[in-house]
Amino acid sequence: MKKLLSLVLLTSGIVSYTSVKAQDATEDKSKRPSPPAMVTQKINSGATITIDYSQPSLKGRTIGKDIEPMDGQIWRTGANEATTFETDKDIEVEGKSLPAGKYSLFTLWDKEQATVIFNKTAKQWGAYKYDAAEDALTVKGDVDKVDASTEKMNFNISPDGMVALNWGNYKLEFKVK
């Protein structure tokens, strides 16, 4: 009887877990408070760059005070799952080599500069399990204060390879070629 009860409990646990995982896979990400976004650009070097992210909104909050760190703490550079940066060819980021592949994108901000981190573990939630030992590349990017505020965080990639993250009154840029 104990074996039968154990088998029933194990089976129901597996069925419940599978059901939850199936729901996660079919979740409509557009209904989240921070909706999904993606930007893709073929740059002059011939590589195609894709950044897949979720767009947090300010909603009256101040970056570095009410929302997201600007004091050297690791940030997933977006919301929800970690932002991913994908290149179909080997590239250089700020003059340093980055092999073709898909990476999670993290940043460490201060007021004038940010460290941009390309981590080999592309699929992860937020920065909760961030492991610096998995970093493929880290570079410095310039942080500029801008007059016009951007409510929803967004990325832009120019054909010449300038990647820009815009949010609030901040603009972070780094060069890809």
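Across every non-hydrogen atom of Lys89 and Gly46, the tightest pair is NZ-O, 3.4 Å. Between Ala164 and Lys171 the shortest heavy-atom distance is CB-CE, 3.9 Å. In this structure, Leu98 and Ala136 approach most closely via the heavy-atom pair CD1-CB, 4.2 Å.
If you take CG on Asn154 and CD1 on Ile51, they are separated by 10.5 Å, rounding to the nearest 0.5 Å. Rounding to the nearest 0.5 Å places CD of Glu151 at 10.5 Å from CD of Gln55. Note that CD1 of Ile157 is 6.5 Å distant from CD of Gln41, once rounded to the nearest 0.5 Å. The line from CG of Leu172 to CD of Gln113 is 9.5 Å long, rounded to the nearest 0.5 Å. Interatomic distance, Thr77 OG1 to Leu105 CG, rounded to the nearest 0.5 Å: 4.5 Å. In this structure, Thr84 OG1 and Met38 CE are separated by 7.0 Å, a value rounded to the nearest 0.5 Å.
Val39 and Phe118 fall within a single hydrophobic cluster, where Ile, Leu, Val, Met, Phe, Trp and Tyr side chains are chained together by heavy-atom contacts under 4.5 Å. Using a 4.5 Å cut-off between side-chain heavy atoms of Ile, Leu, Val, Met, Phe, Trp and Tyr, with links allowed through other members, Trp109 and Ile63 fall into the same hydrophobic cluster.
Within the cation-pi definition used here (under 6.0 Å to the ring centroid, within 45° of the axis), Lys145 qualifies as a partner of Tyr170.
Side chains of Thr150 and Asn166: a donor-acceptor N/O pair is absent below 3.5 angstrom, by distance only. A donor atom on one side chain and an acceptor atom on the other are not found under 3.5 Å apart for Thr115 and Thr138.
In this structure, the side chains of Tyr130 and Thr121 stay at 4.5 Å or more apart for every pair of heavy atoms. Considering only heavy atoms from C-beta on, Val176 comes within 4.5 Å of Ile43 through its side chain. With contacts defined as side-chain heavy-atom distances shorter than 4.5 Å, the pair Ile74/Leu108 qualifies. Contact check for Met162 versus Asn156: no side-chain heavy atoms found under the 4.5 Å cut-off. Side-chain atoms of Asp90 and Pro99, non-hydrogen and from C-beta on, do get closer than 4.5 Å to each other. Counting heavy atoms from C-beta on, the side chains of Glu173 and Asp144 come closer than 4.5 Å.
Side chain of Asn169 to main chain of Asp147: a donor-acceptor pair is present (N/O by atom type, distance under 3.5 Å, no hydrogens or angles). Checking side-chain atoms of Asp88 against main-chain N and O of Ala47 turns up no donor-acceptor pair under 3.5 Å. Looking at Asn44, its side chain never comes within 3.5 Å of a backbone N or O of Lys177 through a donor-acceptor pair. In this structure a side-chain-to-backbone donor-acceptor pair under 3.5 Å is missing from Lys120 to Ala133. Although no hydrogens or angles enter the test, the distance criterion places a donor-acceptor pair under 3.5 Å between the side chain of Glu94 and the main chain of Lys175.
Checked against Tyr53 for a ring-ring contact (aromatic ring centres under 6.0 Å, His included), the options Trp75, Phe155, Trp167 give a single hit: Phe155.
Evaluation of the side-chain hydrogen bond (donor to acceptor under 3.5 Å, both in side chains) rule for Thr48 yields no partner, not counting sequence neighbours.
Other residues, nucleotides and ligands place no more than 12 heavy atoms under 6.0 Å from the NZ atom of Lys102.
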